[in-house]
Amino acid sequence: MTEHLNPGDLLYPRFGMTPGVATKDYVFAGGMALDLETLSRKSEADTIANETKIALAEIEGLLASAGCSLRDVVKTTCYLSDDSYRKEFWEAYTEVFAPGPFPARTTFVVGIAGDCRVEIDVIAVRPR
């Protein structure tokens with residue numbers, strides 16, 4: 001059975017997407033510091049570190065609604081809008097996932113909507 005996750009009734013469905021999906025064994029979730037009313041970066045995402053933490057907090061909420069936590073994440077795909085953000089991103093990401101073990105991660109430099117600089121997708125394994 002597939003469960004669509006949107007615990008805060010956020011506006012994602014208006015844009016043809018769901019922020020998270022859970023199956024019997026896995027949870028797929030994404031996060032970014034996007035204000036869905038203005039379609040621009042949230043004002044509190046004033047640094048790459050804060051933007052990373054906001055994205056991961058959004059993901060954490062989605063995971064919690066499916067009975068998971070960040071400790072259940074096995075893979076992340078991370079997107080940065082500029083490679084110069086990599087160091088600050090890595091530091092914030094590492095801080096959130098500390099003390100590890102850390103999930104497998106791939107990081108790409110791409111264009112991101114809404115003047116956001118960080119977007120993160122995760123795959124988590126649901127506890128049995």
S.K.: Just distance, no hydrogens or angles: give the donor-acceptor pairs under 3.5 Å from side chains in residues 21-28, sequence neighbours left out.
M.R.:
| from | atom 1 | to | atom 2 | distance (Å) |
| --- | --- | --- | --- | --- |
| Thr23 | OG1 | Asp25 | N | 3.4 |
| Thr23 | OG1 | Tyr26 | N | 3.1 |
| Thr23 | OG1 | Tyr26 | O | 3.3 |
| Asp25 | OD1 | Arg128 | NH2 | 2.3 |

S.K.: Taking all atoms of both residues into account, what is the closest heavy-atom pair of Pro99 and Arg71, and its distance?
M.R.: CD-NH2, 3.7 Å
S.K.: Mind checking side chain to side chain donor-acceptor pair (under 3.5 Å) for Glu3 and listing every partner two or more places apart, or none if nothing turns up?
M.R.: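 For Glu3 there are no side chain to side chain donor-acceptor pair (under 3.5 Å) partners, ignoring immediate neighbours.
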S.K.: Sub-3.5 Å donor-acceptor pair from the side chain of Arg117 to the main-chain atoms of Tyr79, do we have one?
M.R.: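 Judged by distance alone, no pair lies under 3.5 Å.
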S.K.: For Glu91, does its backbone N or O pair with a side-chain atom of Thr94 as donor and acceptor, under 3.5 Å?
M.R.: no
S.K.: Of all residues at least two apart in sequence or in a different chain, which pass the ring-ring contact (aromatic ring centres under 6.0 Å, His included) check with Phe89?
M.R.: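 Scan of Phe89 (ring-ring contact (aromatic ring centres under 6.0 Å, His included), adjacent residues dropped) gives Tyr93.
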S.K.: Tell me whether Glu51 contacts the main-chain N or O of Val118 through its side chain, where contact means a donor paired with an acceptor under 3.5 Å.
M.R.: yes
S.K.: Distance check, rounded to the nearest 0.5 Å: Thr106 atom OG1 versus Lys75 atom NZ?
M.R.: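 Answer rounded to 0.5 Å: 3.0 Å.
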S.K.: Kindly indicate, with the supporting measurements, whether the criterion side chain to side chain contact (heavy atoms under 4.5 Å, CB included) is fulfilled by Glu88 and Thr47.
M.R.: CA-CA 9 Å; Glu88 188 177 355; Thr47 65; 3.4 Å; yes
S.K.: Give, for atom CD1 of Ile120 and atom OG1 of Thr77, the distance between the pair rounded to the nearest 0.5 Å.
M.R.: 10.5 Å
S.K.: Taking Met32's backbone N and O only, do any of them form a donor-acceptor pair with Glu119's side chain (distance below 3.5 Å, no angle check)?
M.R.: no
S.K.: Would you compute the distance between atom CG of Asp82 and atom CD1 of Ile48 and round it to the nearest 0.5 angstrom?
M.R.: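 CD1 of Ile48 is found 8.5 Å from CG of Asp82.
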S.K.: Please report the interatomic distance SG(Cys68) to CD1(Ile59), rounded to the nearest 0.5 Å.
M.R.: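 These two atoms lie 13.0 Å from each other.
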S.K.: Checking the side chain of Asp72 only, and the main-chain atoms of Ala124 only, is there a donor and an acceptor separated by less than 3.5 Å?
M.R.: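 Looks like no, no N/O pair under 3.5 Å.
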S.K.: Closer than 3.5 angstrom, by distance alone: can the side chain of Arg126 be matched with the main-chain N or O of Ala66 as a donor-acceptor pair?
M.R.: yes
